[in-house]
Amino acid sequence: MSRQFRSVWFWFSALALGILAVFLLYPLLRVLTGSLGSGSHSGWALLAADPKYFAAILNTIVLGVAVTLTTTLIGVPLAYFTARFEFPGKSIVAVLPLITLVIPEVIAAQTWLMMLGNNGFITRYLGARGIDIPSFYGWPGLITVMTFTYYTYIYIGTLAAIRGFDVQLEEAAQSLGTSPARSRLRVMLPVVLPSVLASALLVFTLVVGNFATATILGSRVPLLSVLTYQAAVAEGGSDPVMQSTLATVSIALVMIVLFVQRWIVSRGRHEVTQGRGARAERLRGLPGLFIGLLAGLLVVVSLLPLGSIVIGAFTVSRGPVMRWGEWTTAHVERLVRIAPDPVLNTLAYSAVATVIGITFSALVSYLIVKKRNILTPALDYLTALPLALSGTIIGLGLVMSFNTGFLPLTGTASIIVLAYVVRRLPFGIRNSSSTLYNIPNSIEEASVSLGVPPVATFFKVVLPLMLPAVAAAAVLTWTTTVAELSASIIVYSGGRETMPIQIYKLIDSNLMASASAYGLVLVAVILIPIIVATRVFKIDLFSSKA
Amino acid sequence: MGIAIENLAVAYGGQRVIDGLELTIEPGSFFTLLGPSGCGKTTLLRTIAGFVPAERGHLRFGGTEVTHLPPHKRDIGMVFQDYALFPDKTVFDNVAYGLRARKQAEGVIKSKVQAALERVGLGHLGQRHPAALSGGQRQRVALARALVIQPQVLLMDEPLSNLDAKLRLQVRETIVELQREAKITTVFVTHDREEALAMSDRIGVMNQGRLEQVGTAAQIYREPRTSYVADFVGGANLVEVETMARQAGETGPVVLDGTAIAARAPAALAAGRATLVARPEDILLAEPGTAGTLPGRIAHRQYLGGKTSYKVVLDSGRVLAVDLQSGAHDRFEPGAKVGLGFDPARTLVLAS
Ligand SMILES: Nc1ncnc2c1ncn2[C@@H]1O[C@H](COP(=O)(O)OP(=O)(O)O)[C@@H](O)[C@H]1O
Ligand SMILES: [Mg+2]
């Protein structure tokens with residue numbers, strides 16, 4: 001024990017733990033305790049008194065279940081056919097993991113509105129021909145957009161499980177006399193099921209935490225995340241009772257689901273066999289064509305937002321009215337000449353957050369993986385905590401903690417950067433740790449035995465080996481923080497709008513063309529680093545998938 | 001520079017792995033820690049290196065106390081089972097790493113590294129990356145990297161066990177040659193008795209964190225002090241016998257299945273049960289009924305070229321292994337009755 005205190009790594013761990021306690025644990029506790037209110041002014045009493053809140057909880061759960069089901073229905077068959085069959089156009093399916101990364105949610109919601117909203121070009125086109133489609137606002141829009149936002153999570157999770165599945169098990173079952181179809185079902189299902197369930201539950205938690213789509217499309221359907229945001233805007237950091245109560249409810253909801261998920265994953269672990277990869281069967285004729293068409297359709301629909309954003313950015317508009325078919329560059333010009341601030345803000349905040357986040361993650365995961373001491377289990381748990389917290393809740397916690405008091409950050413850019421860093425923390429840690437687990441301890445010991453002290457060894461030997469993974473993590477952190485909305489919209493102050501915040505405000509004012517112009521820049525800001533990283537630097541972004 | 005270990009205890013989180021270990025390693029000698037997996041060899045080696053802290057006791061390099069010195073200040077060279085080369089650095093940079101840490105001039109480094117690489121037969125591969133080398137080449141690079149800094153002590157943890165049989169022999173020879181030449185005090189860890197016997201000046205046989213016996217290869221092979229050492233160091237027949245009290249070095253009769261045979265006791269013995277140690281090559285086969293032999297029957301015969309191996313079943317059902325030079329004695333067919341003779345000078349009796 002005394003030896004531990006003498007080690008420099010122990011003090012690094014203590015420092016990291018202190019930072020996490022101030023910027024993560026304390027804000028979370030503020031949120032949880034805030035719900036108790038002061039005296040008789042308890043959030044729980046208010047919650048019980050107003051049926052609106054009960055409806056919001058119910059709606060959130062119903063939406064979560066509905067989207068979990070639809071995404072599973074799309075993601076699992078897609079993964080199965082991609083893993084086990086060759087069909088025309090299969091290669092295009094490979095771009096799917098990129099799509100969720102490249103299209104920010106706020107843009108997805110916006111572009112679906114531009115297609116199917118009251119003023120959307122599909123709505124207008126059909127309306128002109130006497131076909132009235134039901135309003136896209138509310139349940140239809142929520143479920144559609146969230147389905148196309150989240151089905152790739154199920155697809156990726158299931159695909160990995162099927163690929164890791166040992167075909168020999170299946171062949172063994174066949175050799176024992178079961179028919180191919182049945183043996184596949186009997187043997188593969190139990191092995192793949194835990195992964196499917198785990199990704200399905202992940203989708204559920206993402207739906208519960210979703211803010212962008214929920215607030216843009218859900219005006220008629222009260223949802224927890226939106227009510228929390230509205231309470232936060234109304235209450236601010238001074239008397240934050242209702243926002244804390246609603247946030248606590250969604251934390252509880254997500255926690256329960258995450259515990260179930262952990263349990264499933266831990267039960268399923270022994271079944272993840274490193275087997276011989278499956279050989280893909282060729283699907284010929286009609287079945288092949290059918291599957292190919294379906295998969296292609298899916299990819300096209302998933303990519304629709306990208307096309308729409310380009311169209312929207314260059315379409316003539318008079319206020320909220322879009323003149324489809326008439327083109328202009330006015331919106332983009334206006335953005336560049338008159339209002340480039342949101343772009344510059346986004347670039348600056350994300351750049352700083354990426355540097356801080358990546359450095360902190362690399363150091364902390366090094367402590368967790370390589371320099372275990374009595375503090376590192378706490379580090380391990382704390383860094384995973386933001387997985388259970390939606391952006392809205394992280395934003396709330398930061399505002400409540402740093403509005404006034406010992407560290408007044410509200411009104412500064414640092415609170416936005418902080419929100420970005422906290423949100424991305426679990427992903428950065430996971431990314432770095434998976435690389436560190438692959439670096440044998442003997443390499444460090446070799447360096448130390450050659451006379452290089454431990455800390456210098458980290459910089460001379462370990463860091464260079466982590467570099468490719470760190471670069472991939474940096475790109476992923478960048479792409480997700482530039483698109484961040486739910487936390488930053490709570491913590492930002494006037495003049496510090498980022499692109500997603502600006503887009504959200506423009507959508508709120510029904511100015512789709514201007515919103516599209518920012519959307520276009522945002523997509524470029526995301527795509528260019530990805531292209532440069534993968535094409536020029538040959539970084540494999542998904543090798544240690546965050 | 002010699003190594004002295006006094007009353008050493010090492011524990012992992014409260015669980016003692018080494019307790020009260022004493023060992024002295026002569027300056028410039030090749031010392032091997034031999035023992036089965038899990039007996040604590042790696043732990044002892046890493047304690048000498050400083051990666052595992054000693055809970056109690058003293059460790060001295062050439063009279064200087066190093067027990068609490070951090071590993072990077074101990075001036076050691078280490079060779080690992082998995083080579084532990086820096087994958088992002090060239091062979092040259094790997095070998096130069098320790099010299100650069102010692103802030104030597106680039107020109108000096110260049111000539112030293114080149115000489116070290118040539119010494120292990122890899123002078124032409126300096127610009128390669130480790131991934132482009134075979135296992136044997138990688139371990140040679142690791143050896144060059146450890147030796148080029150001219151450490152006080154060279155530590156090797158099963159450096160040959162990831163290599164296939166042929167390479168293992170080649171790298172083994174390189175290690176021995178370099179060690180003899182540089183006269184660096186070396187501690188070598190292995191579970192392979194042949195490796196230990198072939199390479200070492202002295203061998204320490206480990207069992208559950210203790211040193212059972214320390215001696216030259218001939219001593220631990222010919223004069224095992226305990227039945228554990230006899231068993232681990234080489235396929236001896238171990239048979240339970242009755243003995244009377246014995247002084248160290250005394251030769252006398254022991255009773256095996258009712259027959260008395262002569263055996264030497266290297267250490268003092270109490271009367272009662274004891275273990276007879278007879279190596280297969282030290283047992284003779286004679287015509288059945290020859291005086292002083294134990295009756296048995298050939299159960300199995302295997303021709304191995306230079307020697308022939310027999311399995312002989314005694315009347316009690318015990319099976320003994322016997323090796324004979326091929327040729328002269330091939331008349332012993334499976335099923336034939338034989339008499340087993342024991343050479344009293346080479347047959348040992350040890351406490352069970
Ligand atoms: N890091 C560790 N933590 C806890 N126990 C360990 C650790 N390393 C080794 N041990 C235990 O110490 C004993 C000796 O291990 P080791 O020195 O690796 O043996 P060997 O090298 O002879 O195979 C074993 O019982 C092993 O399980
Ligand atoms: Mg070992």
Side-chain angles (χ1 to χ4, degrees), chain A residues 1-13 362 366 369-377 432 434-472 537-540 543-544, chain B residues 11 13-14 42 45-46 48-55 68-89 93-104 130 138 141-159 162:
Chain A
M1 181 63 84
S2 62
R3 196 171 299 121
Q4 286 199 345
F5 292 121
R6 266 188 267 126
S7 147
V8 48
W9 303 115
F10 176 84
W11 295 107
F12 277 140
S13 309
Y366 180 71
V369 176
K370 298 282 187 191
K371 301 290 162 189
R372 287 189 203 143
N373 57 50
I374 48 167
L375 299 183
T376 50
S432 306
S434 60
T435 327
L436 281 169
Y437 279 116
N438 289 331
I439 301 178
N441 295 340
S442 59
I443 287 192
E444 274 177 79
E445 289 181 356
S447 164
V448 172
S449 77
L450 291 166
V452 178
V455 177
T457 290
F458 173 77
F459 286 104
K460 286 175 90 162
V461 172
V462 182
L463 207 55
L465 293 179
M466 289 175 76
L467 221 51
V470 168
F537 292 106
K538 308 275 180 244
I539 293 169
D540 184 1
S543 61
S544 47
Chain B
T42 297
L45 192 82
R46 287 165 53 79
I48 298 174
F51 291 117
V52 177
E55 192 187 35
H68 299 294
L69 204 63
H72 65 274
K73 293 187 181 154
R74 289 196 185 187
D75 198 13
I76 49 174
M78 266 192 108
V79 179
F80 299 81
Q81 181 174 347
D82 62 359
Y83 322 127
L85 297 179
F86 309 125
D88 56 328
K89 297 182 170 54
D93 288 336
N94 263 279
V95 179
Y97 188 88
L99 297 173
R100 292 197 174 125
R102 284 163 174 70
K103 307 253 184 306
Q104 302 205 351
R138 284 182 211 185
V141 175
L143 198 60
R145 181 179 69 177
L147 284 173
V148 78
I149 57 172
Q150 295 176 301
Q152 295 188 40
V153 171
L154 178 63
L155 306 172
M156 296 191 257
D157 193 354
E158 313 224 8
N162 279 5

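Side-chain atoms are counted along with the backbone in the values below, which use heavy atoms only and exclude waters and symmetry mates. To find a chain, count down the sequence lines: A is the first, B the second, and so on, and within it residues start at 1.
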Region of B:Leu85 that comes under 4.5 Å of a non-hydrogen atom in chain A: backbone
Can you check side-chain contact (heavy atoms from CB on, under 4.5 Å) on A:Val452 and B:Tyr97, steps first, answer last? CA-CA 9 Å; A:Val452 178; B:Tyr97 188 88; 3.5 Å; yes
Counting heavy-atom pairs under 4.5 Å with chain A, which one of B:Lys73, B:Lys89, B:Arg102, B:Gln81 comes out on top? B:Arg102
In Å and rounded to the nearest 0.5 Å, what is the CG to CD1 distance from B:Asp82 to A:Ile443? 7.5 Å
Contacting region of B:Arg145 [heavy-atom separation from chain A under 4.5 Å]: both
Given side chains that start at C-beta, do those of A:Val448 and B:Phe51 come closer than 4.5 Å, heavy atoms only? yes
Axial cation check for B:Phe86 ring with A:Lys460, 6.0 Å and 45° limits: no
Does any backbone or side-chain atom of B:Pro71 lie under 4.5 Å from a heavy atom of chain A? Answer side chain, backbone, both or neither. both
B:Pro87, B:Pro151, B:Gly77, B:Ala101: which one forms the most heavy-atom pairs within less than 4.5 Å of chain A? B:Pro87
Engaged part of B:Ile149 at the chain A interface, taking heavy atoms whose separation is under 4.5 Å: side chain
Separation between CG of B:Leu155 and CD of A:Glu445, rounded to the nearest 0.5 Å: 11.5 Å
Under 4.5 Å from any heavy atom of chain B, what part of A:Pro453 do you find: side chain, backbone, both or neither? both
Under a 4.5 Å heavy-atom cut-off, does chain A meet the side chain of B:Asp88, its backbone, both or neither? both
Taking every heavy atom of B:Ala84 against every heavy atom of A:Ala446, the minimum-distance pair comes out as O-CB, 3.8 Å
If you count every heavy atom of other residues, nucleotides or ligands that lies below 6.0 Å from B:Gln150 atom CD, does the total exceed 12? no
How far does OG of A:Ser449 sit from CD1 of B:Ile76, to the nearest 0.5 angstrom? 5.0 Å
